[in-house]
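One structure below.
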Amino acid sequence: MSSAITMASMSTYAILGCGSVGHAVAEELETEGKDVLILDKDEGRVEALRDQDLDARTADIRESTTAEAIEDRDVLLILSSDVEANMAAVQNVRDRGGEQFIVARASDPVSADELTEAGADVVINPSAVIADSALRALETGELEYKATQLADVIADTDERMAILIHRSPDPDSIASAAALQLIADSLDVDADIIYQGEIGHQENRAFVNLLGIELRQSSDVDLDEYDTFAMVDHAKGGEPEVEHEVDVVIDHFEPEHDHDAAFVDVRPNVSATSTILTKYIQELDLSLDQHVATALLYGIRAETLDFKRDTTPADLTAAAYLYPFADHDTLEQVESPSMSPETLDVLAEAIRNREVKGSHLISNAGFIRDRDALSQAAQHLLNLEGITTTAVFALADDTIYLAARSKDIRMDIGAVLEDAFAEIGETAGHSTDASAEIPLGIFTGIETNEDNRDTLLELTEQAVKQKLFQAMGVDGSEGSSNGS
C-alpha cells in the first residue's frame with residue numbers, strides 16, 4: 001500500500017454558518033469521512049445537526065472568540081447567508097494571523113470582491129453557481145434534444161441522403177461531412193458527400209486519400225436520386241448550387257442565404273464545424289471510426305491553426321475526446337505532404353516577384369498548370385519574417401487564379417477578396433484562407449489569345465495588386481519591397 005497521503009485526506013474542516021448550503025457541504029464531507037466541526041448561532045439548528053450525529057456547536061461567527069475556537073482547523077468554510085457576518089469571520093481569522101484556507105460565501109460581485117480583499121482564498125456566490133449549473137443542464141438537455149431531432153430528420157430518408165459541402169472543400173468541411181455520413185450509416189441511411197469545384201491544396205488531397213474518404217463531384221451525380229439534403233460547413237465557401245429543399249444545415253458560420261430546413265444548428269461560438277459534429281457523435285453514443293476521428297481532429301486543428309486562433313473550450317474538449325481514437329501517424333503524413341517540382345517552381349517565382357507593403361505581401365506567379373501550387377505558395381510565404389498576409393495569383397486557362405492567407409486577427413482575408421473581386425469573379429473562403437477566380441478577358445477588357453497572353457499578364461499584375469492593396473487598406477505610400 002502506498003504511504004502517500006493527500007492534503008485533502010489530512011485536512012480538518014470547520015463550517016461557520018450552517019444554513020441549507022452549509023448543511024449540504026457538511027453532509028458531503030461527512031460522507032467522505034472528513035473531520036468536520038459546525039458552528040452556528042441558532043441553537044435549534046445546532047440541536048438538529050447533533051441529532052444527525054454531526055459535531056455542531058452554538059457560536060456567533062461574528063465574535064472574535066469564534067476565530068480562536070477554530071484555529072486548529074485546516075480549512076474554514078464560512079457559509080452563512082449573512083454576508084456581513086461572513087466578512088467579520090474572515091477578518092477575525094486573518095487579524096489573529098490565521099493561515100487557514102478560507103472559502104467564503106458572497107451574495108453578489110461587490111461582496112465577493114470585499115471578501116477577497118479581507119483575505120478569503122475562494123469566494124462563492126450561490127446564485128452564480130446555480131445559474132452556471134442551470135446553463136450546463138440546459139446545454140446538455142438542448143444537445144440531447146437536437147441530437148434526437150437530427151436523427152429523426154435523417155431517419156426519414158426514403159432513398160439516399162446528399163451531404164453538400166462547399167466549393168473546393170477544406171478539411172473542416174470534409175471531416176464534418178464524414179461525421180454526418182457516419183451518423184446516417186448508424187441509422188441505416190445511405191449518404192454521399194458531394195462537392196463542387198476541385199479539392200485544392202496538396203495537403204487536402206492527401207487528407208482525403210490517406211483517410212479513404214469518398215467524395216463525389218457534383219457533375220457526376222444526379223441530385224434527383226436523393227430525397228434528403230444536408231449542407232455542412234458551406235457558409236463561407238460559396239453557396240452550393242442545388243434546387244432541392246434543404247433538410248439539414250450545420251455550420252459554425254452564419255449562412256449567407258436562408259434555408260427553411262427542418263434541422264438547423266449554426267454555432268458561431270465555436271471555431272470548427274467538426275466540433276459540432278463531434279458533440280453529436282458523443283451524444284448519440286456512436287462507435288467512432290478511426291478515420292473519422294482522425295479527420296475530425298485534423299478539421300479542428302486546421303480551423304484553429306493548431307489551437308492558436310479563436311479556440312474555444314468546446315473545440316478543446318472535442319479535440320481531447322477525439323485524440324485517443326485518431327491515427328497520429330496518418331495526421332503527420334497529411335500535415336507534411338511532399339512538394340512537387342512545379343510547386344517548387346511556383347514558390348520560387350512567387351518569391352522572386354513579391355511586393356511587400358507593411359506586413360502584406362502580394363506576388364505574381366506567372367503562368368501555371370497546377371493551381372494547387374498557389375495555395376501552398378501563399379502558405380509558405382506567410383512564414384517570411386514580418387509578413388501577416390499573403391496573396392499569390394497566376395494565369396491558367398484564360399483565368400486569373402488567386403490564393404490568399406492571413407494570420408492577422410484584424411483582417412478577414414475572405415472579405416478582402418470579396419470587396420476586391422466579387423463583382424468581376426468568384427470568391428470563396430473565410431478570415432484566414434480565401435481564393436478567387438477571375439475571367440481574364442473580363443478583368444482586362446481584352447480578348448485572350450496566344451499572342452497577347454504576356455501582355456495580359458503585365459496588365460493584370462498591376463491591376464490585381466492595386467485592387468488588393470486597396471482592399472487591404474494599405475496606403476500606396478507605405479514602404480515597399482520586392483525580390484528584384
Please examine the side chains of L180 and I154, heavy atoms only from C-beta on, and report whether any two atoms are closer than 4.5 Å.
yes

Is the backbone of [Y] close enough, under 3.5 Å, to the side chain of [X] for a donor and an acceptor to pair up by distance?
X: N353; Y: S363; value: no
X: D172; Y: S274; value: yes
X: T294; Y: D327; value: yes

Name of the residue among L211, I193, D233, L215 meeting side chain to side chain contact (heavy atoms under 4.5 Å, CB included) with I174
L215

Can you name the side chain to side chain contact (heavy atoms under 4.5 Å, CB included) partners of T312, sequence neighbours left out?
V270, S271, A314, D315

CD (E32) with more than 12 external heavy atoms under 6.0 Å:
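More than 12 heavy atoms, drawn from other residues, nucleotides or ligands, come within 6.0 Å of this atom.
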
More than 12 foreign heavy atoms under 6.0 Å from CG of N383: is that the case here?
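Atom CG in N383 is packed in, count exceeds 12.
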
Test: K357 cationic atom under 6.0 Å from F469 six-membered ring centre, within 45° of axis
yes

Within 45 degrees of the axis of the six-membered ring of Y280 and under 6.0 Å from its centre: does K146 put its NZ or CZ there?
no

I need the single residue from D227, T228, D247 that forms a side chain to side chain donor-acceptor pair (under 3.5 Å) with T157. Which is it?
T228

Would you list the pairs meeting side-chain hydrogen bond (donor to acceptor under 3.5 Å, both in side chains) in which at least one residue belongs to residues 185-195, sequence neighbours left out?
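Counting only pairs at least two positions apart or across chains, the side-chain hydrogen bond (donor to acceptor under 3.5 Å, both in side chains) contacts touching residues 185-195 are R160-D192, D192-R216, D192-Y226.
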
Give every residue pair that meets the side-chain hydrogen bond (donor to acceptor under 3.5 Å, both in side chains) criterion with at least one member in residues 316-326, sequence neighbours excluded.
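Matches after skipping sequence neighbours: K279-T317.
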
Any side-chain donor-acceptor pair under 3.5 Å between D108 and S111?
yes

